[in-house]
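Working notes for the structure below.
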Amino acid sequence: MIRERIQPDIRAKSNYLASFRFINIDFGKKPPQIKSWKTHADPEKKQIMLDLDISYNADIKVDAGFTEKTPIAGIKSIKLEGILRVILAPLMEDSPIFGALTVYFPHRPVLELQWTGFAHLLNIPGLQTLSEKELMNQIGQIIVAPQHFSHPLAARFDLAKLQFLEPRNALRIRVIEAKNLVAKEILTKSSNPYVVICGGGTTAKTRVIHKNLNPKWNETFEILYSDLPDQEIEFNLISDKGVKINQQLGSCRIRIKEVPERGFIDKWIDLENVKSGQLHIKVTRLRLLSDPTQLEEVLKVNEQSRPKRENEIASAVLYTYIEKGRGLPVIQVSQIKSPSNCHSCPYCLLLS
């Protein structure tokens, strides 16, 4: 991941970083430790879940620089702690008993790095990708829910048959208001709050309300979720600082399973990591059915929950799964050239 994902990201930030490289990458031979574990069985879904409390605390050697022989900074130790979930599903009658193995972190693990060399260079635009926060974002894009890694255990098992790969839940999230927020503007004793909503691999945000500690947004968003267990909706409140670095006003989250089937929750939630502040939200679970004869009924029910004067909110979701193709023409790859200005899309990477 380091050379394949992080290194190209850093080089793309600036022409001055075009020669940046990771010189040495050695994570040693010390394996992660499992401090404890819990087992959950779900007979209805024919699956077993293992929650492993893992800890990886080791001396490593990661050196980076602009030439192969001169490192300017590095990492000498790493500490990673969190709950790693392993799902064995579905249960089968024949060996190896389970069809596939799925691994992911339900929540972001804690990452701590000890730097060597000129660690202050991480403040340079572009090299900020190496900070703990940005590295954690990279990990989140790979193996933190809803992202996951699945591998078949049974021969010829189709991973598309796993229940948590398809979006099966549609949530309508209404960010109503907040109160008693912390003042980040010293002169005006106020803040410029907005809310960032994260969940289901989707990020959305409200508008900014200036100079207000009790803002009212009344904005609605819709997010699709799979059946991957223990997913959450995260709300981050931020004070807009214009050209300066934005400041945190607190955060909160709810679990998807808190929203009842064919129901909703409407509640005030205390903000974490701040002295004061609450967020008022309403989350409605919409009905997703595969029977087209029930479309009119679904439209009627979902239309009733649509906020007034918000025509961009959907009344139905059309989800299409493309299983396979056949009879496709053979293309001579050597005769195709990728555009000179494109080096990032999967198609051009395949050709390069």
Residues two or more places apart in sequence or in another chain: which of them pass salt bridge (charged side-chain N to carboxylate O under 4.0 Å, His left out) with [X]?
{"X": "K179", "result": "none"}
{"X": "R207", "result": "E219"}
{"X": "K216", "result": "E177"}

So, using side-chain contact (heavy atoms from CB on, under 4.5 Å) as the criterion, who are the partners of [X] when residues are at least two apart?
{"X": "E185", "result": "T188, N192, K241"}
{"X": "P152", "result": "F157, L159"}
{"X": "E258", "result": "I254, R255, K267"}
{"X": "I223", "result": "I173, I197, T202, Y225"}

Indicate if [X] and [Y] have the same hydrophobic cluster label, given that clusters are the connected sets of ILVMFWY residues with side-chain heavy-atom separations under 4.5 angstrom.
{"X": "Y194", "Y": "V175", "value": "no"}
{"X": "V182", "Y": "V195", "value": "yes"}
{"X": "F235", "Y": "W268", "value": "no"}
{"X": "I48", "Y": "I34", "value": "yes"}
{"X": "L249", "Y": "V196", "value": "no"}

Legend entry - Over 12 foreign heavy atoms within 6.0 Å of NZ, K35: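 Check passes, neighbour count above 12.
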
Inset, instruction - Answer yes or no: does atom CD1 of I97 have more than 12 heavy-atom neighbours from other residues, nucleotides or ligands under 6.0 Å? - result: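 Open.
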
Legend entry - Counterpart residues, side chain to side chain donor-acceptor pair (under 3.5 Å), relative to D270 (two or more places apart):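 Counting only residues at least two positions away or on another chain, D270 forms a side chain to side chain donor-acceptor pair (under 3.5 Å) with Q278.
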
Identify all side-chain donor-acceptor contacts of residues 66-73 below 3.5 Å with residues at least two apart in sequence or on another chain.
unit_1	atom_1	unit_2	atom_2	d
T67	OG1	T70	N	3.3
T67	OG1	T70	OG1	3.4
E68	OE2	R21	NH1	3.4

Legend entry - Plane angle bin for H151 and F149 - parallel if under 30°, tilted between 30 and 60°, otherwise perpendicular: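 Ring orientation, 0 to 90° scale: parallel.
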
Legend entry - Pairwise side-chain contact, V283 with I233, heavy-atom cut-off 4.5 Å (strictly under):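 Yes - at least one pair of side-chain heavy atoms lies under 4.5 Å apart.
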
Legend entry - Expected output: side-chain K38 to main-chain L50 donor-acceptor under 3.5 Å: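 No.
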
Anything under 3.5 Å between a donor and an acceptor, one on a side chain of residues 58-65, the other on a protein residue two or more places apart or in another chain? List them.
unit_1	atom_1	unit_2	atom_2	d
K61	NZ	D63	OD2	2.9
D63	OD2	N24	ND2	3.1

Inset, instruction - Measure the spacing between CG of L113 and CD1 of I78 and express it to the nearest 0.5 Å. - result: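 Rounded to the nearest 0.5 Å, the CG-CD1 separation comes to 5.5 Å.
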
Legend entry - Partners meeting ring-ring contact (aromatic ring centres under 6.0 Å, His included) with W37 (sequence neighbours left out):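 Not a single residue meets the ring-ring contact (aromatic ring centres under 6.0 Å, His included) criterion with W37.
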
Which donor-acceptor pairs under 3.5 Å do side chains of residues 85-94 form with protein atoms, sequence neighbours excluded?
unit_1	atom_1	unit_2	atom_2	d
R85	NE	D51	OD1	2.6
R85	NH1	Y104	OH	3.4
R85	NH1	D230	OD2	3.0
R85	NH2	D51	OD1	3.2
R85	NH2	D51	OD2	2.8
R85	NH2	D230	OD2	2.8

Legend entry - Heavy-atom pair of closest approach, residues P109 and G82: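 Here P109 and G82 meet closest at CB-CA, 4.2 Å.
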
Inset, instruction - Evaluate side-chain contact (heavy atoms from CB on, under 4.5 Å) for K45 paired with D227, printing each intermediate quantity in order. - result: CA-CA 10 Å; K45 294 183 179 180; D227 277 346; 4.2 Å; yes

